[in-house]
Amino acid sequence: CAQAAGMAELQIVHYDPKSVEVPDGFPKAFPFRGMHFFASIEKAKRDVPDWMPKFSMLEGLRSSYQQDYLARGFDKQQPDFRTDELILSKTMSAA
């Protein structure tokens, strides 16, 4: 994702969403889904042998970043990192 946005690689921090209570009024925390979501090119190719992806993963991420995130002006808004800071403070203090 960082490469698609033209940014430096970031540190990924894993945490248990159940271990952090996000107060009302804070932005929604990851994960967006309460369950894992997987997609597989291999399964698509097996189920539909003639199928080929139109875009690489990087091309898809880059397109989403440019045509969704940037096009909607999210890059011009001040991000609200309260939830991220809360999660990191709980996660890093437990380490």
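Sequence positions, counted from 1, serve as the residue numbers for this chain.
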Members besides F74 in its Ile/Leu/Val/Met/Phe/Trp/Tyr cluster (side-chain heavy atoms under 4.5 Å)
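ILVMFWY cluster around F74 also holds Y65, Y69, L70.
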When clusters are formed from ILVMFWY side-chain contacts under 4.5 Å, directly or step by step, what else is grouped with I12?
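Direct or chained contacts put I12 with none.
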Can you sort out the partners of [X] under side-chain contact (heavy atoms from CB on, under 4.5 Å), two or more places apart, ordered by chain and number?
X: D68; answer: R72
X: E21; answer: none
X: A8; answer: none

For H14 and T91, which heavy atoms make the closest approach, and how far apart are they?
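In terms of heavy atoms, the two residues are closest at O-CG2, 3.7 Å.
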Over all heavy atoms of both residues, which pair between L86 and V22 is shortest? Give the atoms and the distance, please.
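Shortest heavy-atom separation between L86 and V22 comes out as CD2-CA, 4.2 Å.
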Minimum side-chain heavy-atom gap V13-M92 below 4.5 Å
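Side chain of V13 against side chain of M92, heavy atoms only: contact under 4.5 Å found.
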List the atom pairs, with distances to 0.1 Å, where a side-chain N or O of residues 47-56 and a protein N or O form a donor-acceptor pair under 3.5 Å, not counting sequence neighbours.
from, atom 1, to, atom 2, distance (Å)
D47, OD2, K43, NZ, 3.1
S56, OG, E59, N, 3.0
S56, OG, E59, OE1, 3.3

Does any N or O in the side chain of T83 come within less than 3.5 Å of the main-chain N or O of P27, such that one atom is a donor and the other an acceptor?
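Such a contact is found between T83 side chain and P27 backbone.
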With sequence neighbours excluded, residues passing salt bridge (Lys or Arg N to Asp or Glu O under 4.0 Å) with D80
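With sequence neighbours excluded, D80 shows a salt bridge (Lys or Arg N to Asp or Glu O under 4.0 Å) to R82, given in chain and number order.
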Rounded to the nearest 0.5 Å, what's the gap from CZ on F81 to CD1 on I87? Could you check?
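If we round to the nearest 0.5 Å, F81:CZ and I87:CD1 are 12.5 Å apart.
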Can you list every salt bridge (charged side-chain N to carboxylate O under 4.0 Å, His left out) pair that touches residues 9-18, not counting sequence neighbours?
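Applying salt bridge (charged side-chain N to carboxylate O under 4.0 Å, His left out) to every pair that reaches into residues 9-18, excluding sequence neighbours, yields nothing.
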